[in-house]
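Input: a single structure, listed below in structure tokens.
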Amino acid sequence: MYLSRIELTEAIAGQSQLGLLLQDRSYGMHRLLWDLFASDERFLFREESAGEQLGRARNLPLYYVLSAEKPVTSSPIFNISSKAFQPKLVVGEKLAFKLRANPTISRHEEGKKNSKRHDVIMDAQYQFLTAACKVRGLPNSFKKSELRKFLFSHPDFNEEKNRKEFILSLNNAVETAAIEWIKKRGDNHGYLVDSAQATGYRWNALPEKDRHAGFSSMDYEGVLTVTNPEIFIPMLTSGLGPSKAFGCGLMLIRRTNG
């Protein structure tokens, strides 16, 4: 495997609007990165900021790419540097990690044969709000977008203090759901999460595919313990969660001192 750092060439970076255009088109960027490989093998990538990562004057996109095949060494668009990625890990080893993921959960819907995939964050909000409605004897025959507004019309929330406490509890429930998503996957992927935080939740529109298309992403960062290297290392190379073609799933790791 190879881990590569890929950034725009000076000529391309000088066209700031072009850099912004590339940054806004996740699937288009995936296709440009694909041109750096001779075969059609899949790869993982993660977008970062060249300004934050390398101290560049322009805040243009920078990409980390993990691939089985080494990318080409020259490109009219990118500067590319690669190194072999062959981690040697043992049971009990602690690693600091960073992951941008598309956390989803499958739920069975009444009257339908197959389960439907839901965004973890939106699902956690919905489950929390519908439970709050049920406790207060309120119906749930309303749109998800109107749920909080409808709930806050209840006398329980006439006081601002009660509304603030409720929103705090809602946010805690959402954060818990986000962290549980990455923890639960450790059972099947050979790791145990020691500590983690989830930030940077966002919706990523994909207008080039469909005007309604898109996916959510969440940034995870923390420390984990390797419990089974034989399944943990393959997870690193294959990615964690869906939306890998859009820059999700690549877990970056480094050894800790502890």
Side-chain angles (χ1 to χ4, degrees), residues 1-9 26 29-50 52-56 61-75 77-103 181-198 200 217-258:
M1 298 295 291
Y2 295 90
L3 182 62
S4 304
R5 190 181 72 194
I6 300 174
E7 60 179 312
L8 299 173
T9 64
S26 299
M29 176 52 65
H30 181 258
R31 288 182 292 192
L32 286 176
L33 292 173
W34 209 312
D35 288 341
L36 302 179
F37 300 93
S39 68
D40 290 335
E41 282 198 48
R42 294 184 177 183
F43 58 86
L44 300 171
F45 76 98
R46 174 186 173 100
E47 180 183 311
E48 293 281 7
S49 162
E52 294 177 2
Q53 293 285 307
L54 305 176
R56 300 286 192 254
L62 165 76
Y63 301 92
Y64 291 103
V65 177
L66 183 64
S67 58
E69 176 187 346
K70 189 175 182 178
V72 300
T73 56
S74 62
S75 165
I77 301 177
F78 300 113
N79 287 324
I80 305 161
S81 60
S82 301
K83 62 180 180 181
F85 181 76
Q86 298 175 328
K88 306 296 183 183
L89 303 172
V90 298
V91 174
E93 190 160 9
K94 292 189 179 296
L95 303 170
F97 73 89
K98 292 177 68 176
L99 170 73
R100 178 166 297 133
N102 170 214
W181 180 88
I182 192 171
K183 283 184 175 181
K184 287 180 179 179
R185 273 140 192 84
D187 294 339
N188 295 326
H189 295 294
Y191 68 85
L192 175 68
V193 174
D194 299 330
S195 62
Q197 56 180 335
S217 62
M218 175 75 78
D219 286 344
Y220 292 91
E221 187 169 359
V223 176
L224 59 78
T225 299
V226 178
T227 57
N228 188 337
E230 292 185 0
I231 58 177
F232 180 74
I233 293 175
M235 179 278 291
L236 294 177
T237 59
S238 62
L240 190 64
S243 300
K244 298 180 183 69
F246 305 110
C248 293
L250 173 58
M251 180 181 284
L252 300 175
I253 59 172
R254 63 176 175 81
R255 288 182 168 88
T256 67
N257 296 327

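None of these values were measured; they are calculated from a predicted model.
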Could you tell me the separation between the [atom1] atom of [X] and the [atom2] atom of [Y], rounded to the nearest 0.5 Å?
X    : Y    : atom1 : atom2 : value
Y63  : R5   : OH    : CZ    : 14.5 Å
L44  : L3   : CG    : CG    : 10.5 Å
M251 : R46  : CE    : CZ    : 10.5 Å
L32  : F78  : CG    : CZ    : 5.0 Å
E7   : I77  : CD    : CD1   : 14.0 Å
Y64  : L250 : OH    : CG    : 10.5 Å

Practice prompt. Just jot down the salt bridge (Lys or Arg N to Asp or Glu O under 4.0 Å) partners of D219, sequence neighbours excluded, or say none.
Written response: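 Salt bridge (Lys or Arg N to Asp or Glu O under 4.0 Å) list for D219, sorted by chain: R100.
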Between [Y] and [X], is there a side-chain heavy-atom distance shorter than 4.5 Å?
X    : Y    : value
I182 : L224 : no
E48  : K98  : yes
R255 : L95  : yes

Worksheet entry | Matching residue for I80 among V65, T73, L36 - test: side chain to side chain contact (heavy atoms under 4.5 Å, CB included) |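 Running side chain to side chain contact (heavy atoms under 4.5 Å, CB included) over V65, T73, L36 with I80 returns exactly one hit, L36.
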Which pair of heavy atoms, one from [X] and one from [Y], lies closest together, and at what distance?
X    : Y    : answer
M1   : A68  : SD-CA, 3.5 Å
C248 : P242 : CB-O, 3.6 Å
I253 : F97  : CG2-CB, 4.3 Å
A245 : F45  : O-CE2, 3.6 Å
K183 : V193 : CG-CB, 3.9 Å

Considering only distance and modelled atom types, tabulate donor-acceptor pairs under 3.5 Å from the side chains of residues 227-238, sequence neighbours left out.
| unit_1 | atom_1 | unit_2 | atom_2 | d |
| --- | --- | --- | --- | --- |
| T227 | OG1 | G190 | O | 3.1 |
| T227 | OG1 | Y191 | N | 3.2 |
| N228 | OD1 | E230 | N | 3.1 |
| T237 | OG1 | P234 | O | 2.8 |
| S238 | OG | P234 | O | 2.9 |

Item to complete: List for me each residue that meets ring pair (Phe, Tyr, Trp, His ring centres under 6.0 Å) alongside F37, sequence neighbours excluded, and say none if there are none.
Response: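 F43.
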Item to complete: Give the intermediate values and the outcome of side chain to side chain contact (heavy atoms under 4.5 Å, CB included) for residues L240 and W181.
Response: CA-CA 11 Å; L240 190 64; W181 180 88; 4.3 Å; yes
